[in-house]
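In this text, all values refer to a predicted model and were calculated from it rather than measured experimentally. These numbers come from the heavy atoms of this one structure, side chains and all, not from hydrogens, waters or symmetry mates. A note on names: the letters A, B, ... follow the listed sequences, proteins ahead of strands, and every chain is numbered from 1.
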Amino acid sequence: MMAAARVMDAALELLDRQLIDCDDRLAGNVDDVEIVIPDRWPDGASGELPVVTALLSGPGVLAERFGGSLGRGWSALHRRLHPDGALISIPIGQVRDIGSAIRLGLRSDQLASNRMEVWFRDHVVGKIPGAGHAAE
Amino acid sequence: MRLSELLDLDVVDENGTRAGHVHDVRLVQDGPVGAGFDAALRVQGLVIGRGAVGIRLGYGRTLNRGPWLIRVLLSARHDSKYVPWGRVRSIDEDGIVIAGSAADLEPPPVLPARGAPS
Amino acid sequence: MKKLFAVTLGILTAIGGFVDIGDIVANAAVGARYRWALAWVVVVGIIGIVLFAEMAGRVAAVSGRAVFDLIRERLGPRFALANLIGSFFVNLLTLTAEIAGVALALELATDVNYLLWLPVCALAVWLVIWRVKFETLEDVFGLLGLAMMVIAVTVWRAGPDWGSIFHEASHPTLPPGEGLPTYFYYAIALFGAAMTPYEVFFFSSGAIEEHWTRSDLFVNRANVYIGFPLGGLLSLALMSAAALFLNPVGITVEHLGQVALPTTLVLGRTGLAVLLVGFFAATFGAALETALSSGYTVAQYFGWQWGKFVRPLQAARFHTVVLAAVIVGAIIGLSSVDPIKVTEYSLIFSAVALPLTYFPILVVANDVGYMGDKVNSRLTNALGTVYLVIVVVAAAAAIPLMFATKAGA
Amino acid sequence: MAVAFAAIGCAVGCVGSSQGEADYQHKAVATTEHVRSSVRTVELAVQTAAEGDDYGPYLSRVISQAEDDASSAANAFDTIQPPGETSDEVRDQVDELTQQALDVLSKARIAIRRGDVGGLVQLSSDLTAAGDQLEQFGESEHV
């Protein structure tokens, strides 16, 4: 049976939502959404609709959304820390479910927004005895 | 282009009359859920209006019937309008131009209420 | 049977977990100064926290999303960041007060200065968070916190004239020489003690730590409707003990030791010992809750993995924030600030920050997209709207009153 | 951070320089009430000790904290400049009363530190007298 088309508002139902990876780990928020407008629009592409290609997540993306001096300072800092400019783009094909959280088909360690987590794991929390054990 | 670049852009009609600014971008998903969303999520139109607080909170789009006082104070419902994608003529940093007159824009179709996700 | 046990345990921990250093200090100070003339505020505060925590718990159980997660979704990243900074600051102030409270309780039991205890307490708080399971820490400190019940026994054994207490509480009058602004300043402090934002951060995140689902809504209601009001009775008992024993001789409460005097007079050394255990457990439990809450709020804003349901290595940023908050809290406590004053300011700033968390929860609890058929009832919304007004008025009045009354001097 | 808190605390709590006789009077009463609170606290502690139980370090803590409070309140009052000559009389009175109270509080602290419960209980009537005098001052000067 064909499911009825689902209508949703992007800012309301995608933006700032929690991402959850395929292992049920919390994997950042949706900090922005990538929309691709058809090439020849508006003249040659009258029937074609723009497509959502990816969800974007990571502190650099969030910084750009802030705007103002805070946003500029933050995003400059981010570029210095990560000169490769890698922002995290999650292809829409990896999205498994859109609900009160957004479930992904990939693991959080594949995401660039996870780099800071890795740094704190290796340099802070991992150095404390007992970090790898479940609490008792 | 990014969703955040579209949000809050000013919208004017062909006569240069201001119609409001972009509150949200309405998407339609016509593929099945579960097997991935490949190319299934498309922009159907823009939700535009004047006040911004209530709309962000979900008022005026049936998702939220919330306490009466908040609904009245924010009264987002009354000035929300819907621009189908076909009427969008151009988009740049200064704003969006739409075809025809702003006067004949309709309120956005109400979103269907869904049950809570399992 | 197992379910019943879980519910009972939840209720008991809610009673024990409700009272913290802020409640202890504020209720005793107000009882000594105003007798029962501010008892109504405790009642208003309890109904408020019941309403607020029930919504937050229900939202968490149904949607699987904790409070700060939703604050960002609903208010947007800019406003939510301002909210985060404010809430984090208030939470840090409360954490400082709670750690100092543990140290003050130990000082009374050992005659070793609290400043020497403070680093030990901070380390203990962090170690418990690091090593002990969420359910265990909630149960242990909640149950030990029930030792505070000895305050209620004190009041009951003192055999007061209940009729005249009720009369004083229901016909509040200003004591001679007291001004109205100071009266309302203390009203806001008391309100802040009952409705503290961290309680809700902790309660809603705790629901997710314990993997609540729709089928746990019954547990949510039982905890909130029975546990918190009984916790409120403890607040009233603290107020009454001070009103009965300290007010008549003109004692103003400036130290934790004075709060224990009525119980010591009435119940002797056993009473004192039980009460000190209660002080220790209540403040230690609250120190755990506030330390965890600082991690919860930041991690939920950014979408990081948080919680004690995963190993610390899997929530590295969350545990880093918690550790940093405990260290900073301990440093503030070790500077020469008066811990009782820190507690009082934390209550006032709690009242200021409250609308920032209350409002988004009220909105989301009505959102069909998250809540399905579990949205607020009409009654909850009517009450919720009344409290929205109260919470906003208290927040707006708090700082002006603080300056006008020289912080209740 | 701590400096910031101290600043907030001072902005709203410090006893500033006195403006006028009435203000000075008001501060005098506040000081005696503060000291009275400490005296009464120790009185209750002594009453408890009289019942003979061993309270460990608790009573000693309560008594020395009360003494500290009373002496810092008295010191704070001493630093205020009396606005006129009529205020000097008020100042002398407050000094005498608080000094008396502080003497008894010190004696109580010394007794409890030595474990001398008998000596502590004997201070009971002195404490009551000191507390009563402070209370009377407050009532007579209240405007």
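Between C:Glu254 and D:His34 the shortest side-chain heavy-atom distance falls below 4.5 Å. Contact check for D:Pro57 versus C:Glu107: no side-chain heavy atoms found under the 4.5 Å cut-off. Counting heavy atoms from C-beta on, the side chains of C:His255 and D:Asp69 come closer than 4.5 Å. Residues C:Val249 and D:Glu43 are not in side-chain contact: their nearest non-hydrogen atoms beyond the backbone lie 4.5 Å or more apart. The shortest distance between side-chain heavy atoms of C:Leu246 and D:Thr41 does not fall below 4.5 Å.
C:Thr264 and D:Thr48 share no side-chain donor-acceptor pair at under 3.5 Å.
Interatomic distance, D:Glu33 CD to C:Thr252 OG1, rounded to the nearest 0.5 Å: 9.0 Å. A distance of 7.5 Å separates CG in C:Leu276 from OH in D:Tyr58, rounded to the nearest 0.5 Å. Note that CG of C:Leu256 is 8.5 Å distant from CD of D:Gln65, once rounded to the nearest 0.5 Å. Rounded to the nearest 0.5 angstrom, D:Leu59 CG and C:Leu261 CG are separated by 8.0 Å.
For the options C:Gly333, C:Ala404, C:Gly268, heavy-atom pairs under 4.5 Å to chain D are most numerous at C:Gly268.
No more than 12 heavy atoms of other residues, nucleotides or ligands sit less than 6.0 Å from atom CD of D:Glu96.
Residue contact with chain D, scored on non-hydrogen atoms closer than 4.5 Å, is absent for C:Ala273. Contact of C:Leu108 with chain D is made through backbone and side chain together, with heavy-atom distances under 4.5 Å.
In terms of heavy atoms, D:Ser37 sits closest to C:Gln258 at OG-NE2, 4.3 Å. D:Arg61 and C:Asn113 get closest at one heavy-atom pair: NH2-N, 4.1 Å.
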